[in-house]
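Please read these numbers as outputs of a predicted model, since none were measured by experiment. All residue numbers in this chain count up from 1 along the given sequence.
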Amino acid sequence: MNATPMVQTLKQEMESKRLELKYLAQYHGFSHPKTVKLSQELDELFNLYQKLSHK
């Protein structure tokens, strides 16, 4: 499978979650459980992105 379309999809998903994370952190704070959970999800996407983009 060609990784390029998956990488593009991941980039879009990461940007969407980044914007959501910015909102949550602004309104709930950085240590709120929702903010932490979304940050961890974004970390997982970033790790996957790094793995796919270095192939």
Side-chain angles (χ1 to χ4, degrees):
M1 177 180 176
N2 188 355
T4 304
M6 184 177 262
V7 169
Q8 290 301 320
T9 301
L10 274 173
K11 287 168 85 173
Q12 291 171 345
E13 192 172 345
M14 288 167 61
E15 179 62 14
S16 175
K17 285 196 184 278
R18 185 189 68 79
L19 292 172
E20 185 179 356
L21 181 61
K22 182 179 173 183
Y23 169 82
L24 284 176
Q26 183 176 5
Y27 290 99
H28 296 290
F30 288 101
S31 60
H32 189 278
K34 288 181 181 181
T35 306
V36 172
K37 183 176 187 285
L38 188 60
S39 177
Q40 291 170 341
E41 291 173 11
L42 185 55
D43 286 346
E44 289 177 16
L45 289 175
F46 181 75
N47 290 337
L48 181 57
Y49 172 80
Q50 288 293 320
K51 190 181 290 187
L52 291 175
S53 65
H54 285 109
K55 282 188 174 184

Could you tell me which non-hydrogen atom of His28 sits nearest to which non-hydrogen atom of Thr35, and how far apart they are? CB-OG1, 4.2 Å
Between His54 and Gln50, is there a donor-acceptor pair closer than 3.5 Å when you use the side chain of the first and the backbone of the second? yes
Work out which heavy atom in Lys17 is nearest to a heavy atom in Leu38; give both atom names and the distance. O-CD2, 3.8 Å
Smallest heavy-atom separation, Leu52 atom then Leu10 atom, equals CD1-CD1, 3.5 Å
Test: Arg18 and Glu15 ion pair at under 4.0 Å: yes
Count I, L, V, M, F, W, Y as connected when their side-chain heavy atoms are under 4.5 Å apart, and connections chain through other members. Are Met14 and Leu19 then in the same cluster? no
Please say yes or no: joined through hydrophobic side-chain contacts below 4.5 Å, possibly via intermediate residues, are Leu45 and Val36 part of one cluster? no
Using side chain to side chain contact (heavy atoms under 4.5 Å, CB included), reason through Lys11 and Val7 one step at a time and then give a plain yes or no. CA-CA 6 Å; Lys11 287 168 85 173; Val7 169; 4.1 Å; yes
Donor-acceptor pair, side chain of Thr9 and main chain of Pro5, under 3.5 angstrom: yes
Do Leu42 and Phe30 share a hydrophobic cluster, counting only Ile, Leu, Val, Met, Phe, Trp and Tyr and linking them when any side-chain heavy atoms are less than 4.5 Å apart? no
